[in-house]
Amino acid sequence: MKSKNIILLAAAVILIITVFYSFQGSQDETTYAKEIEKDRREKDRFMRSSAESPFAESPEKYTGLKYYPPDMRYRIIADLHPIQQKKTVILTTNNGKEQRYVEYAYAKFRLEGAVHKLLILEIADMGPFRGKLFLAFGDETSARETYGAGRYLDVTKTPGSNTIKLDFNLAYNPYCAYNDSFTCPLPPRENILSIPIRAGEKIYHP
């Protein structure tokens, strides 16, 4: 085979591989966006019809939740740094009460060209949620585009893992964002990020 033909064949193979992986990436993003949209539709259904919804007493006042478009940049695998000397943390709530937590770990990640960290807490108060993890955060969008008292992100314990998934597309408002009768802990000072997190749920406008 002539060298010219070899070069053309190699170029064709590279082009096919590039197109294949570009298509795969596009498919992944499309599938992910559909999963996020499905999750949001299910939450909307819950808000409108569940007896446990913060709008249960007046469902006619519910106007629908607002979100940023799904963005895979905000689906992050963070480094997990367990805290050895755990301390009790008292968080103030929106109505001036206090709730007790225990330090669990720091999640460190890179975003917008800088390294950030969030403190993950473990619920200490007696009740059905004792021992569950709790992550509340604020950012540069708080009180502008998102709820002023911060948003929550569900995280789970994975024994032995040194990483943890932080998907900010799933960030959501606490119930006190919709109904003042609910008690919601505010984010710890360490969890006020110096960047905007334009992912997940926006501020609620009735």
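The residues of the chain are indexed from 1 along the displayed sequence.
Between Tyr152 and Phe134, the angle of the ring planes goes over 60°, which puts this pair in the perpendicular group of the 30/60° scheme.
Evaluation of the ring pair (Phe, Tyr, Trp, His ring centres under 6.0 Å) test over residues 51-79, restricted to residues two or more places apart or in two chains, returns Phe55-Tyr62, Phe55-Tyr178, Phe55-Tyr204.
Looking only at side-chain heavy atoms (C-beta outward), Asn169 and Asp71 come within less than 4.5 Å of each other. Residues Ser50 and Arg45 have side chains not in contact (no heavy-atom distance under 4.5 Å, counting atoms from C-beta outward).
Under a hydrophobic-cluster definition in which Ile, Leu, Val, Met, Phe, Trp and Tyr are linked whenever side-chain heavy atoms come within less than 4.5 Å, directly or via other members, Leu121 and Tyr172 are assigned to the same cluster.
In this structure, Arg40 does not pair ionically with Asp44, as no charged nitrogen and carboxylate oxygen lie closer than 4.0 Å. The pair Glu122-Lys86 does not meet the salt-bridge criterion, since no charged nitrogen lies less than 4.0 angstrom from a carboxylate oxygen. Using a cut-off of 4.0 Å between Lys/Arg side-chain N and Asp/Glu carboxylate O, Lys165 and Asp167 are scored as not salt-bridged.
Between Asn191 atom CG and Tyr106 atom OH the span is 8.0 Å, to the nearest 0.5 Å.
Of the possible polar contacts, one joining the Glu201 side chain to the Asn173 backbone as a donor-acceptor pair under 3.5 Å is found. With Ser142 contributing its side chain and Gly138 its backbone, the two residues share no donor-acceptor pair below 3.5 Å. Although no hydrogens or angles enter the test, the distance criterion places no donor-acceptor pair under 3.5 Å between the side chain of Arg151 and the main chain of Tyr147.
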